[in-house]
Amino acid sequence: MKYEKLESIKGFLHGGDYNPDQWLDRPEILDEDIRLMKQAGVNVVTLGVFSWSSYEPTEGVFQFDWLDSMMDRLYENGIHVILATPSGGKPPWMAKKYPETMRMREDRVRHHYSDRENQCNSSKIYREKVRIIDEKLAERYHNHPALIMWHISNEIYGTCHCPQCQENFRAWLKQKYGTIEELNRQYWSRFWSHQYSDWSEIESPAAGIGEQAVHGLILDYKRFYSDLTVDFIRQEIQAIRRYSRDIPVTTNTFHHDCGVNLADLAKELDVASWDLYPRWHCGDDKTTEWDCAVSASFDLDYCRSMKRQPFYLMESVPSVPSQFAVCKLKRPGMHLLSSIQAIASGSESVQYFQWRKGRGGYEKFHGAVISHNGSGETRVFRDVCKVGRVLKEWKEIKGAVTESKVALVYDWENFSALAGQVSLKNKKKNFREMVQEYYGALLKQYVSVDIISQNDDFSGYQLLIAPNLYLFRDETPEKIRRFVEEGGNVILSVYSGLVNENDLAYEGYPPHGLNDVFGIRSEEVDSLCDDEYNTITYRGKSYRVMDYCDLLQEDGAEPMAFYERDFYKGMAAVTRHSYGRGTAYYVAGHMEEAFLVEFLSDVIRKAGITPILEVPYVSDVMVKERKKNGTRYLFLMNFSMETRTIRVGEHDHVLDGYGWEILKQC
């Protein structure tokens, strides 16, 4: 669907969260804000994220005059509005009159009024109150010329364990399994005498006081509450759509462990968006500025991949975030560089939380464009102005897309299951870190990467990498088989294909249903202590293996490297097997990143994948590209304080510390 008002804006969005209702008694501040916004090249603000108590100070009494005025004034000054629904933070009167709107913890204690995003998503009264306020906003503002997008709720996260959620969970289980006998079979519930005889006996998991031994139940409650939350967002969208059908909707996702399967949520949204707060400048010997850049890039590529189209950076910070153990200022040049990184990764915006610092509350010292001094004569404001100028200069890039032939599988259900499994290393599992190490090694190949789930379509890719794909959905083995058979290249790594979607272990050797495709069978997995390691030799170089070592039986696969220590010395640690027209690789351990860089270079070359740049990796330099109408935009970004030089074609490009360059190639 075409969204004419949003698409009529020439170039990128630049702005952020604005809370004028906190300053209604200071009209001179509102005047100054608009003046400074225009100076900084701001063309959009997000209003009303936490304004419910300003809209409805007492039940049924609504006040929108201040928002009417603000919408008009912003539009008159060339500034558009992303209007939020306020469901992320309820007013105090609601919790007092309707305590059932508050969540209940795992220990079955009801929350008191506090904080934000702590509603029960099952609560009928809360859903009704949200529907009313959403419809009033949509009816009043759907035709306002300033409005270009709806922002649904805010950074959704968390779960509830109240009686209504328990009832809804049981209904969800009935829908999924049909009979209590099938549920018992999938949960293997005869173990420890956990067999259920009636649906009413089932309770949500509760650490310390309740069920934690039935992994299928734990995983299902995560799925249930994710589905419930997506349904809550869907209801909000339906309320908006009653009056506003031609304005796109989004919600600001922000965390992989928020309790929601973001791939499912993205299906309800017109565009995806992300809130990004990297921990710049807090590095040590193990965490460098490059590592931070890789983590940020992973989140940005993940968001782009949710709908495989450009997305919006909904929140970032131009100076110092307030929530970290050590809150470091962004060094000179980093704000512009990190903004360029967002655009390079597919964002259509650079936006901040927030425009002006509040004087009180939890985030009063969280970095904002305008600080408590109210001045535009600050380093931070000058940095924001620079971003505004660069976005305007490169506005032609808006709408350019990222084309990827490589996909990395990062599956919410899989990692939810891995978090609950009891084996191997139970305190420091490092499974997520392993995925990011593959991603970082891919960035060093200068290739574009999509980050997908096992539910997504694999066709169109030449290389699929699925580290630690412990949980297989029913269709996953056949999808991988068909992908390889038709000429694709796939990499599985240690501890893959052990359980079905209900965390029920398969009978047979892992990876389930794919032994013939990979030409191997995994017999055992050894766990290494934190100070232990094994080694392999690959192409004449020695590399460390940490944490986990799969012990493989070869059944047609070609060994590419062998373990060099312990009783399994001489067993294959990396294998390759031809199947159909494609190739299946298995990496049997947690390999150090230096190996992954070398190995992936060989796989990418053999797969015939053309990198963005065909040059060796230059330390700390990230390269990305976007394409539009036959034009390629190449982004060169130096995440180091030292000067770096990278060759593009016949020319060397010198990047100063935290420097960047955009090249336009037709």
Side-chain angles (χ1 to χ4, degrees), residues 1-14 41 43-44 148 248 271-274 293 297 300-313 336-351 386-407 442-443 445-451 460-463 604 608-615 617-618 621-639 644-655 659-666:
M1 182 175 179
K2 300 283 285 183
Y3 297 105
E4 295 180 1
K5 290 173 67 175
L6 177 61
E7 294 171 8
S8 68
I9 297 174
K10 304 300 181 184
F12 298 103
L13 301 183
H14 186 220
N43 59 6
V44 67
I148 59 170
V271 293
S273 62
W274 196 263
S297 180
L300 294 165
D301 276 342
Y302 179 87
C303 186
R304 173 184 54 76
S305 302
M306 283 198 288
K307 297 188 78 67
R308 301 192 196 185
Q309 65 186 34
F311 64 98
Y312 290 88
L313 178 62
L336 181 54
L337 175 61
S338 58
S339 299
I340 293 297
Q341 183 189 31
I343 298 301
S345 301
S347 179
E348 302 281 66
S349 72
V350 175
Q351 299 175 88
K386 285 181 185 177
V387 172
R389 289 194 293 271
V390 170
L391 294 181
K392 185 175 181 180
E393 177 185 355
W394 286 100
K395 64 183 180 181
E396 65 187 79
I397 299 175
K398 179 185 175 184
V401 299
T402 301
E403 298 176 355
S404 302
K405 292 299 181 182
V406 180
L442 287 168
L443 289 182
Q445 310 305 318
Y446 296 147
V447 295
S448 296
V449 184
D450 285 352
I451 301 172
Y461 297 110
Q462 292 173 247
L463 174 60
I604 286 169
I609 296 169
T610 302
I612 300 169
L613 281 183
E614 297 189 69
V615 297
Y617 167 67
V618 177
V621 175
M622 189 175 292
V623 176
K624 294 199 171 190
E625 71 175 357
R626 294 177 66 172
K627 296 179 179 179
K628 179 182 178 181
N629 298 331
T631 298
R632 181 170 84 142
Y633 299 94
L634 192 65
F635 298 81
L636 313 175
M637 298 164 284
N638 176 17
F639 288 94
R644 299 284 189 255
T645 301
I646 186 168
R647 192 163 187 82
V648 180
E650 299 179 355
H651 302 283
D652 288 335
H653 293 260
V654 179
L655 305 174
W660 56 274
E661 190 171 351
I662 302 175
L663 305 179
K664 180 179 179 180
Q665 300 177 335
C666 298

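A quick note: this is a predicted structure, and the numbers were derived from the prediction, not measured.
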Discussion item. With heavy-atom distances below 4.5 Å as the criterion, would you say the side chains of Glu403 and Ser448 are in contact?
Written reply: no
Practice prompt. Check whether any side-chain heavy atom of Arg632 sits under 4.5 Å from a side-chain heavy atom of Ile612, and report yes or no.
Written response: yes
Discussion item. Please report the interatomic distance CG(Asn638) to CZ(Arg644), rounded to the nearest 0.5 Å.
Written reply: 6.0 Å
Item to complete: Go through the steps for Ile343 and Arg626 under the test side chain to side chain contact (heavy atoms under 4.5 Å, CB included), then give the verdict.
Response: CA-CA 9 Å; Ile343 298 301; Arg626 294 177 66 172; 3.9 Å; yes
Worksheet entry | Gap between atom CZ of Phe311 and atom OG of Ser305 - 0.5 Å precision | 9.0 Å
Worksheet, complete the sentence: Correct closest heavy-atom pair for Lys307 and Ala272 would be CD-N, 4.0 Å
Fill in: Heavy-atom donor-acceptor pair, Ser349 side chain to Leu313 backbone, under 3.5 Å
yes
Worksheet item: Can you name the closest pair of heavy atoms from Ala293 and Met622 and give their distance?
Response: O-CE, 3.7 Å
Discussion item. For the CD atom of Glu625 and the CG atom of Leu636, what is their distance to the nearest 0.5 Å?
Written reply: 11.0 Å
Practice prompt. Kindly determine whether Asp301 and Arg304 satisfy side chain to side chain contact (heavy atoms under 4.5 Å, CB included), including the steps that lead there.
Written response: CA-CA 5 Å; Asp301 276 342; Arg304 173 184 54 76; 3.2 Å; yes
Worksheet entry | Heavy-atom pair with the smallest gap, counting every atom of Lys624 and Ser345 | NZ-OG, 2.8 Å
Worksheet entry | Sidechain-backbone polar pair: Asn43 side chain, Phe12 backbone, donor-acceptor under 3.5 Å | yes
Item to complete: State whether the side chain of Glu348 and the backbone N or O of Gly399 hold a donor-acceptor pair below 3.5 Å, judged by distance alone.
Response: yes
Discussion item. Let's go through Ile604 and Leu442 carefully: what are the C-alpha distance in whole Å and the side-chain angles of both, what is the deciding distance for side chain to side chain contact (heavy atoms under 4.5 Å, CB included) to 0.1 Å, and is it a yes or a no?
Written reply: CA-CA 9 Å; Ile604 286 169; Leu442 287 168; 4.1 Å; yes
Worksheet item: Is there side-chain contact between Val618 and Tyr446, with at least one heavy-atom pair below 4.5 Å?
Response: yes
Worksheet entry | Value rounded to 0.5 Å, distance of SG in Cys303 from CE in Met306 | 4.0 Å
Discussion item. Using side chain to side chain contact (heavy atoms under 4.5 Å, CB included), reason through Ile609 and Gln445 one step at a time and then give a plain yes or no.
Written reply: CA-CA 10 Å; Ile609 296 169; Gln445 310 305 318; over 6 Å; no
Worksheet item: Leu13 versus Ile148: any side-chain heavy-atom pair under 4.5 Å?
Response: yes
Item to complete: Using modelled atom types only, decide if a donor and an acceptor are shared between the side chain of Lys398 and the backbone of Ile9 within a distance under 3.5 Å.
Response: yes
Worksheet item: Roughly how far, to the nearest 0.5 Å, is CD of Glu614 from CZ of Arg647?
Response: 14.0 Å
Item to complete: Look up atom CG in Leu337 and atom CG in Leu655, then write down how far apart they are to the nearest 0.5 Å.
Response: 9.5 Å
Item to complete: Could you tell me whether a side-chain N or O of Arg308 sits under 3.5 Å from a main-chain N or O of Asp450, the two making a donor and an acceptor?
Response: no
Tabulate below the donor-acceptor pairs under 3.5 Å that side-chain atoms of residues 386-397 make, not counting sequence neighbours, or state none.
| residue | atom | partner | partner atom | Å |
| --- | --- | --- | --- | --- |
| Glu396 | OE2 | Tyr633 | OH | 2.8 |
| Glu396 | OE2 | Lys664 | NZ | 2.8 |

Item to complete: For atom CG of Asp652, decide whether the heavy atoms of other residues, nucleotides or ligands shown that lie under 6.0 angstrom number more than 12.
Response: yes
Fill in: Check: Val44 and Tyr312 side chains under 4.5 Å, non-hydrogen atoms
no
Practice prompt. Return yes if some donor-acceptor pair links the side-chain N/O of Glu661 with the main-chain N/O of His653 below 3.5 Å, else return no.
Written response: no
